[in-house]
Amino acid sequence: MLPPGSLVEQVEAVLAQDLPAIVRAGHPVLRRPARDFDGQLDDVTLGRLISTMRRVMHEAPGVGLAAPQIGIPLRIAVLEDRGVADPAVAEARARTPLPFTVLINPSYEADAGGTAAFYEGCLSVPGYQAVVERPARITATYTQPGGITVTTGFEGWPARIVQHETDHLNGQLYLDRAVLRSLTADAEHGRWAQPTVDAARRGLGF
Ligand code: ZN
């Protein structure tokens with residue numbers, strides 16, 4: 001028997017669901033810094049958790065998911081982005097494909113290279129998008145599932161995804177950093193779907 005209320009028991013309860021539900025803004029798990037992963041789960045359970053997170057991310061669909069978004073307070077996130085079909089959008093946003101990546105205990109620092117401001121959304125805040133200005137280039141340090149810790153650079157859209165997911169693990173939502181006047185319901189976002197946010201800046205006054 002697992003000790004009741006233990007992290008392992010919590011993970012097993014989530015993994016027992018067919019498709020774990022994504023928790024939404026307002027749940028305190030999204031507002032507390034997650035705990036470092038330091039071997040609380042054995043390799044098999046960690047692997048099951050990662051593959052479940054990947055499945056939840058694909059089904060949503062989204063390009064990143066942090067463990068707290070399925071109610072697990074550990075510093076683990078998964079990322080994967082196939083990019084976008086429209087070459088003008090891909091170029092303006094530097095949205096290059098990001099292969100499946102697992103971040104364990106990640107941190108990042110901004111590098112020189114300025115900032116980029118684009119619309120961003122979150123699976124835990126459905127129905128809305130807002131502009132977030134973020135460093136365009138970062139250096140991230142994280143551990144991979146095999147236990148190797150790497151320090152590597154990200155730029156463009158992949159850098160944005162790494163920042164968004166790492167922020168989740170620090171108890172932050174993208175809205176904490178967003179330009180609130182840019183807030184757009186999905187139903188209105190079509191009018192601002194240009195490659196850049198210039199028209200939205202003029203139209204919404206931010
Ligand atoms: Zn999110």
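Atoms within each ligand, like the ligands themselves, are counted from 1 in listed order.
Salt bridge annotation for Glu120-Arg177: absent, with no cationic side-chain nitrogen under 4.0 angstrom from a carboxylate oxygen. Looking at Asp176 and Arg31, a side-chain N of the basic residue comes within less than 4.0 Å of a carboxylate O on the acidic one, giving a salt bridge. Under 4.0 Å is where a charged nitrogen must lie from a carboxylate oxygen, and between Glu155 and Arg160 no such pair does.
At most 12 heavy atoms of other shown residues, nucleotides or ligands fall within 6.0 angstrom of atom CD in Glu91.
Side chains of Thr184 and Gln129: a donor-acceptor N/O pair is absent below 3.5 angstrom, by distance only. Side-chain contact of Ser107 with Thr141: a donor-acceptor pair under 3.5 Å is absent, judged by distance alone.
Distances shorter than 2.8 Å separate the Zn ion (ligand 1) from the protein N/O/S atoms Cys122 SG, His164 NE2, His168 NE2.
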